[in-house]
There are 2 protein chains.
Amino acid sequence: MAAESPVPLPALERLSTYIRCLMQLERDGVASVSSQDMEKHTGVSAAQFRKDLSYFGEFGKRGIGYRVVDLKERIASLLEIDREQSVVIVGAGHLGSALIAYPGWRSYRFKIAAVFDREPAVIGKRIRQYTVQDITELEDQTARLGARIGIIAVPAWEAQGVADRLVAAGIVGIVNFAPMKLQTPEHVVVREVCFICELAMLSYLVNHPAGGSEPAHSDDP
Amino acid sequence: MAAESPVPLPALERLSTYIRCLMQLERDGVASVSSQDMEKHTGVSAAQFRKDLSYFGEFGKRGIGYRVVDLKERIASLLEIDREQSVVIVGAGHLGSALIAYPGWRSYRFKIAAVFDREPAVIGKRIRQYTVQDITELEDQTARLGARIGIIAVPAWEAQGVADRLVAAGIVGIVNFAPMKLQTPEHVVVREVCFICELAMLSYLVNHPAGGSEPAHSDDP
DNA sequence: TAGATTGTTAATCGATTAACAATC
DNA sequence: TAGATTGTTAATCGATTAACAATC
């Protein structure tokens with residue numbers, strides 16, 4: 001088949017917003033929504049919403065709208081979160097522990113397959129139902145568990161080494177919490193999460209009243 | 001002055017990337033960089049880098065490049081992270097605790113001014129150097145501490161209530177970790193952090209080999 | 001049927017890239 | 001000076017918005 005136009009990354013990011021919203025609507029017992037309703041709930045314009053979905057097919061009924069449950073399931077299927085996927089976490093410090101305690105795993109059908117660290121003081125420790133394993137086990141375990149996604153929750157200076165290990169173990173997708181640009185092979189997808197960067201952005205936005213005027217040259221008084 | 005064109009948000013987001021990179025370079029003892037070097041270190045193209053800076057003024061020397069320390073300080077000044085800013089955290093669970101333990105606060109000159117929760121079991125608890133305070137103290141404390149930025153690290157169903165309280169307390173910038181679109185007045189800037197959304201994106205990207213072709217209609221076999 | 005709302009096309013807008021004159 | 005690299009302008013590209021025919 002002639003390659004169709006690829007889905008814009010921003011559209012893909014919004015898909016997560018939609019499904020999150022749809023999960024909420026389902027819990028609230030709402031049966032169907034219009035693109036207008038979605039605009040109210042997500043802040044994404046109705047036109048944008050319909051356009052985003054159009055990259056993937058047809059999801060609604062003209063004159064009617066969308067069935068909440070159906071749409072949720074169709075988007076879940078697009079994102080491939082309609083089946084269980086194993087994820088390995090490297091780093092069992094404060095961040096790793098908070099990730100383990102995160103309540104959203106199940107609704108997205110992600111499963112923490114194993115947790116690793118390299119600190120002897122931490123290895124063997126139990127966190128919830130997990131026992132922290134030695135990082136040297138990573139390769140064997142990842143293969144055995146069939147995990148393809150990994151999370152890096154170690155200090156910056158250890159991140160690249162961990163990334164290399166994950167790649168060697170067959171991981172093809174990484175969420176990186178360390179403030180470090182990772183060098184990885186082409187076939188590996190990396191998403192950076194930088195909490196402090198959000199705070200820095202906020203600092204700018206809060207201190208430059210949004211009207212959108214003057215970007216405040218630093219040589220201004 | 002005639003209002004200059006506003007800075008594109010993506011450019012602003014990259015500024016965080018640049019400063020993070022420059023901090024690293026400074027630690028590594030690198031004195032100066034070219035836009036080419038920055039491309040290697042950050043993955044952002046040299047042209048993009050120069051264009052982004054151009055929204056704010058001139059930062060380099062033609063034929064030479066940029067002084068690492070100077071550029072870092074100028075960007076810090078643009079983002080207004082060249083002076084201490086107080087931040088309040090609401091939610092002292094796993095996530096709140098991990099945030100408190102986060103090592104990056106100081107280099108961005110953010111200061112955790114206070115930590116709040118509404119659970120009697122948690123109020124009074126010490127986490128590092130902080131004593132968790134009753135959420136009812138939020139308004140008084142925030143005013144007293146002069147905090148303008150707040151972090152929401154509570155469950156989804158409590159997030160809106162906390163947001164309302166933060167706004168009432170005079171907070172104008174919020175980083176929201178709860179999976180909930182917040183309703184806030186115009187003047188308040190909200191940045192959502194959605195960890196599980198990153199994972200969902202990754203799921204799509206990993207399962208749709210990147211070439212960029214066929215977005216996989218869900219009615220495909 | 002009339003009213004509503006989708007899916008899609010075309011028009012607009014904005015961001016990225018490429019190219020180059022300025023200048024260190 | 002010659003070589004390097006910036007800052008900026010113009011060209012390209014891609015994403016968002018608006019509008020509307022299709023249709024429930």
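A note on names: the letters A, B, ... follow the listed sequences, proteins ahead of strands, and every chain is numbered from 1.
- One atom, CG of A:Leu12, and another, P of D:dT16, lie 12 Å apart when rounded to the nearest Å.
- Among the nucleotides D:dC24, D:dT5, D:dT16, the one closest to any side-chain atom of A:Tyr55 is D:dT16.
- Distances shorter than 4.0 Å separate some side-chain N or O of B:Ser35 from OP1 or OP2 on D:dT6.
- Of the side-chain N and O atoms in B:Arg50, none sit less than 4.0 angstrom from OP1 or OP2 of C:dT17.
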Would B:Glu13 and A:Met201 count as a side chain to side chain contact (heavy atoms under 4.5 Å, CB included) if you check the C-alpha gap in whole Å, the side-chain angles of each, and the deciding distance to 0.1 Å? CA-CA 7 Å; B:Glu13 288 174 349; A:Met201 289 266 316; 3.3 Å; yes
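- Nearest to the side-chain atoms of A:Lys51 among the listed nucleotides C:dT16, D:dT17, C:dC24 stands D:dT17.
- Across the protein-nucleic acid pair, A:Asp52 atom CG and C:dT6 atom P stand 14 Å apart, rounded to whole Å.
- The separation between A:Phe49 atom CZ and C:dG7 atom P is 9 Å, rounded to whole Å.
- The partner of D:dT23, taking Watson-Crick or G-U wobble pairs whose two distances both stay under 3.5 Å, is C:dA4.
- With 3.5 Å as the limit, one finds a donor-acceptor pair spanning the side chains of A:Ser35 and A:Arg50.
- In this structure, the CZ atom of A:Arg67 is 14 Å from the C1' atom of D:dC24, given to the nearest Å.
- Within the structure, a side-chain polar atom (N or O) of B:Gln48 is placed less than 4.0 Å from OP1 or OP2 of C:dT17.
- Remark: P of D:dT17 and CD of A:Glu39 are 9 Å apart, rounded to the nearest angstrom.
- In the set C:dT8, C:dC24, D:dT6, D:dT6 carries the atom at the smallest distance from any side-chain atom of B:Ser34.
- Spacing between atom CD1 of B:Ile64 and atom P of D:dG7 amounts to 12 Å, rounded to whole angstrom units.
- Nearest nucleotide to the B:Glu58 side chain, out of D:dT8, C:dG7, C:dT23: D:dT8.
- With hydrogens and angles disregarded, no donor-acceptor distance shorter than 3.5 Å links the side chain of A:Ser77 to the backbone of A:Glu73.
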Stepwise side chain to side chain contact (heavy atoms under 4.5 Å, CB included) test for A:Gln183 and A:Gln160: CA-CA 7 Å; A:Gln183 305 299 323; A:Gln160 184 60 55; 3.8 Å; yes
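- Place A:Lys61 and A:Leu9 on DNA chain D by their nearest nucleotides, and A:Leu9 ends up nearer the 5' end.
- Across the protein-nucleic acid pair, B:Leu53 atom CG and C:dT17 atom P stand 15 Å apart, rounded to whole Å.
- The phosphate of D:dT17 has OP1 or OP2 within less than 4.0 Å of a side-chain N or O from A:Ser45.
- Mapped onto DNA chain D by nearest heavy atom, A:Pro8 and B:Tyr66 fall at different nucleotides, with B:Tyr66 at the one closer to the 5' end.
- The CZ-C1' distance, from B:Arg62 to C:dC20, rounds to 11 Å in whole Å.
- Residues A:Tyr66 and A:Asp37 bring no donor and acceptor atom of their side chains to less than 3.5 Å of each other.
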